[in-house]
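Counting starts at 1 for both ligands and their atoms, in listed order. When a residue number appears, it is its place in the shown sequence, counting from 1. In what follows, every heavy atom counts, from backbone to side chain, and hydrogens, waters and symmetry copies are set aside. A quick note: this is a predicted structure, and the numbers were derived from the prediction, not measured.
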Amino acid sequence: MTERRFPSWLFPAIAGVAAVAFGLGVAELVAGLLAPRASPVLVVGSLLIDVAPSWAKDAAIALFGTADKVALLVGIGVVLVALAAAAGVLQSRRPLLARLLIAAGGIFGIVAAVTRAGASILDAVPATVATVAATLALTALLNRRPVEPPPVGDLSRRRFLSWAGGAGVIGALAAVSGFALQSGARVVTAVRETFTLPTPDVAAAPVPAGAELGVNGLTPVITPNADFYRIDTALQVPNLDPATWRLRIHGLVENEIELTWDELIALPLEESHTTLMCVSNPVGGELVGTALWLGYPIRELLARAKPTSDADMVLSRSSDGFSASSPLEALTDDRNAILAIGMNGEPLPLEHGFPVRMVVPGLYGYVSATKWVVELQITRFDKARGYWTDRGWSARGPVKISSRIDVPRGSASAGEVVVAGVAWHQHTGIAGVEVSIDDGPWRDAELASAISEDTWVQWRYRWDADPGSHVLKVRATSVDGEVQTAELAGVAPDGATGHHTVTIDVVE
Ligand SMILES: Nc1nc2c(c(=O)[nH]1)N[C@H]1C(S)=C(S)[C@@H](COP(=O)(O)O)O[C@H]1N2
Ligand SMILES: [Mo]
């Protein structure tokens, strides 16, 4: 005797739906933990909105009104359930096709995540996790498929259904926690998008007309935010709501200060161009960029706090536990050391420190450029250490004079070749750049107009190139007469030195 027979597609279809629910749920949790703006369901929804023709959008709004987004999500849900059931049935008959179907869904999700504005490679992780988890769960569930039709008294159906139900419940719980974790990031993103930067009290001097030499392939003088290098220890970008942001200034001071966001943005803000650079930038490297920053001079806040005479360091701390040890002097002298809220005319991007970070001309980022800054502790170098100092890097990190060749790269045609690049020595300024060909004498390059001593400057050299392989080197001289050393040093503990050297194949 046997029990009633169910259609052969039923259990595989249930397995498909449960496996996809499991995979997507886990992926939403991973998104919440790692990449809060890469929820697979939401990025696919956003992509569909972006690619939908306008008649479809109009029709959706006419049909669903303000519930159009809910309707879209319900629609995505229905399609997902259908595809998941299809994948389950396929897996039981043509496993390769089922894998392809799930992989295609996964690739769609990955593309949707990484083509979003401001996306990073980490945003590919949730959809990848969804694909792998759904594939594994489907195989595991189908291995537990009941015998059909089962002999009387056989429990394999019940066992299968509890496995499938369990996978679905785990998926749902993971999705709920994932969405909760993502919502913090969504709130802060929305706050940032609706915030308009205050008008500066002191505008930056305009970029001089001659700052940009107009050479193809040469680094632009101002680095767009999307191209600005990003370095930090934050696996998850902190979500700081300006409404609850506070900066506490304390330690060796006469007056402790607590500053709110509203107080900060009401202060007279100043614009300045500053080149920011990472100590981990190798000779010729790309971990350097220049932006127009908007912020408030830290020296003004310190003047109110009144550091005591024994203080010589400011340990700035971020909300996520990073800290930087800046010499007190660099924050109290006349340079543009600021608490920045704006970058190239926009509120700071989240990954560059929203809502507030420090920018200090002349110091490497690891000892000065604290993002998501919430605390300035006035202290002493013999009493406290910054995050990277504890890991073997130098306690003080003044930038070293540097220069880089951007063009040509690899090869060039014989005749006049424009060699060009950038050079920088923030807060000192560049007085000259020289180029040497095949270890020949140093020859002066032409310098573009610098924005200020706090920024890099473009340079250009016209080279009459003969066919063959040639070695080009560059070195800079600073305004105070320092000539960039040829001595090679690695990035640790306080910044690389040496001349950037490139080999060019000149062809007829
Ligand atoms: N909170 C926080 N701020 C930080 C860091 C960090 O790890 N955490 N890294 C610093 C380092 S080493 C550099 S080089 C700069 C880089 O700033 P950017 O990512 O905006 O280019 O940020 C600095 N500020
Ligand atoms: Mo850095």
Ignoring hydrogens and angles, write down the donor-acceptor pairs under 3.5 Å from the side chains of residues 362-369, residues two or more places apart or on other chains.
| unit_1 | atom_1 | unit_2 | atom_2 | d |
| --- | --- | --- | --- | --- |
| Tyr364 | OH | Lys400 | N | 3.3 |
| Tyr366 | OH | Ser394 | O | 2.8 |
| Ser368 | OG | Tyr364 | O | 2.9 |

Write 'none' if nothing qualifies; otherwise put on separate lines each N/O atom of ligand 1 with a protein N/O atom under 3.5 Å away and their distance to 0.1 Å.
| unit_1 | atom_1 | unit_2 | atom_2 | d |
| --- | --- | --- | --- | --- |
| ligand 1 | 1 (N) | Ser318 | OG | 3.3 |
| ligand 1 | 1 (N) | Lys371 | O | 3.1 |
| ligand 1 | 3 (N) | Lys371 | N | 3.0 |
| ligand 1 | 7 (O) | Thr233 | N | 2.8 |
| ligand 1 | 9 (N) | Ile231 | O | 3.3 |
| ligand 1 | 17 (O) | Arg357 | NH2 | 3.1 |
| ligand 1 | 19 (O) | Ile231 | N | 3.0 |
| ligand 1 | 19 (O) | Lys371 | NZ | 2.5 |
| ligand 1 | 20 (O) | His352 | ND1 | 2.6 |
| ligand 1 | 20 (O) | Arg357 | NH1 | 2.7 |
| ligand 1 | 20 (O) | Arg357 | NH2 | 3.4 |
| ligand 1 | 21 (O) | Tyr229 | O | 2.6 |
| ligand 1 | 24 (N) | Ala369 | O | 3.0 |

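Side-chain atoms of Thr189 do not come within 3.5 Å of backbone N or O of Val187 as any donor-acceptor pair.
Across Leu294 and Ile338, no two heavy atoms sit closer than the pair C-CD1, 4.1 Å.
Ring pair Trp388/Trp393 is perpendicular by interplanar angle, where above 60° counts as perpendicular and below 30° as parallel.
Between Trp442 and His499, a ring centre-to-centre spacing shorter than 6.0 Å is recorded.
Here CD1 of Ile249 is found 12.5 Å from CD of Gln377. Values are rounded to the nearest 0.5 Å.
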